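First up is the structure itself, then whatever we jot down about it.
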Amino acid sequence: MKKLHPTQIKLLEILKSNLNYSLTIREIQDLLNLSSTSVVHHHLCQLEKKGYLKKNNNNSVDYQVISPENEDLIYLNLYGLAECGPNGRIIDNEPLDKIPISNKMFGFDLSDCFLVKANGDSMQPKIYSGDIILAKKTNDADNGSIIVCVNNEKALIKKLEKKDGRIFLNSLNEKYESIIANKDNFIIEGVVKSVLSNSF
């Protein structure tokens with residue numbers, strides 16, 4: 001981690017103390033008593049460059065704080081499946097919570113990951129309602145991958161099947177039928193990397 005400007009230290013503390021509430025640029029400006037929102041933006045960019053922050057470029061109030069006390073600890077955004085963002089995307093929504101997770105728990109970088117709280121029994125026995133799903137952000141996935149996606153404005157966790165030029169969204173629970181993805185209204189948000197359980 002690189003040395004921080006005094007304003008960046010204060011900014012980081014404000015972000016850490018408001019993990020359950022996504023502050024707007026204007027709110028941060030007021031809390032820091034800065035001259036303009038562009039100054040806030042500059043310091044946010046510097047925190048990201050120095051490795052203290054990971055921003056969502058599609059949502060200005062969405063960020064992940066990386067703990068300066070423990071460089072292996074990152075606060076991942078937790079989203080719900082009940083709602084989609086204004087553009088029909090889960091990760092464009094404000095997160096429900098920010099969960100601290102250690103990079104040491106996994107064999108890959110968590111900076112491009114997010115969490116989703118599963119809902120329903122369609123992915124049993126692998127995923128149960130209330131489980132926390134760790135997904136890596138991507139807009140494409142291999143055949144057979146378990147994905148987090150939005151189809152016809154509905155957020156889903158499904159098994160991806162590409163067949164005969166069509167995309168099928170399959171459940172693991174046999175009582176549910178396959179869904180044919182609407183190519184004009186279908187977005188892959190991420191690939192499921194781990195099921196963390198419903199202990200959060």
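This structure is a prediction, so every number in the text was calculated from the model and none was measured.
Going from atom CG of N182 over to atom CD of E153 covers 10.0 Å, rounded to the nearest 0.5 Å. To the nearest 0.5 Å, atom CG of residue N143 and atom CZ of residue F168 are 10.5 Å apart. Atom NZ of K16 sits about 5.0 Å away from atom CD of E13, to the nearest 0.5 Å. To the nearest 0.5 Å, atom OG of residue S194 and atom CG of residue L115 are 9.5 Å apart. If you take CD1 on I127 and CG on L172, they are separated by 7.0 Å, rounding to the nearest 0.5 Å. Taken from NZ in K117 to CG in D131, the straight-line distance is 10.0 Å, to the nearest 0.5 Å.
Counting all heavy atoms, side chain and backbone alike, T7 lies closest to L32 at CG2-CD1, 4.3 Å. The heavy-atom pair separating L96 from Y79 by the smallest distance is CD1-C, 3.8 Å. In this structure, V148 and A135 approach most closely via the heavy-atom pair CG2-CB, 4.0 Å. Across every non-hydrogen atom of F114 and K137, the tightest pair is CD2-CG, 3.5 Å. A pairwise comparison of heavy atoms in V191 and S145 identifies CG1-CB, 4.3 Å as the closest pair.
Without hydrogens or angle criteria, S129 side chain to N119 main chain gives no donor-acceptor distance under 3.5 Å. Of the possible polar contacts, none joining the E48 side chain to the L53 backbone as a donor-acceptor pair under 3.5 Å is found. Judged purely by atom type and a 3.5 angstrom limit, N139 has no side-chain atom pairing as donor or acceptor with the backbone of I187.
Using cut-offs of 30° and 60° on the angle between ring planes, the pair H43 and H5 is tilted.
The same ILVMFWY cluster, assembled from side-chain heavy atoms under 4.5 Å apart, contains both L34 and Y52. Side-chain heavy atoms closer than 4.5 Å link hydrophobic residues (I, L, V, M, F, W, Y) into clusters, and following such links, possibly through other members, connects Y75 to L44. The hydrophobic clustering, which links ILVMFWY residues whose side-chain heavy atoms are closer than 4.5 Å, places L4 and V39 together.
For the pair D112/T138, no side-chain contact is recorded, criterion being any heavy-atom separation below 4.5 Å from C-beta on. At least one side-chain heavy atom of I147 sits less than 4.5 Å from a side-chain heavy atom of L169. For the pair E189 and C149, the minimum side-chain heavy-atom distance is 4.5 Å or more. Annotation: side chain of I99 is not in contact with side chain of L196 (no heavy-atom distance under 4.5 Å). Within the 4.5 Å cutoff, the side chain of I101 has no heavy atoms near those of the L134 side chain. Using a 4.5 Å heavy-atom cutoff, the side chains of K158 and S171 are in contact. Counting heavy atoms from C-beta on, the side chains of C45 and H41 come closer than 4.5 Å. Side chains of L15 and I28 form a contact here, defined as non-hydrogen atoms less than 4.5 Å apart.
Scanning for side-chain hydrogen bond (donor to acceptor under 3.5 Å, both in side chains) contacts around S178 gives N170, with sequence neighbours left out.
Sorted by first and then second residue, the salt bridge (Lys or Arg N to Asp or Glu O under 4.0 Å) pairs with a member in residues 160-179 read D121-K175, D140-K162; sequence neighbours excluded.
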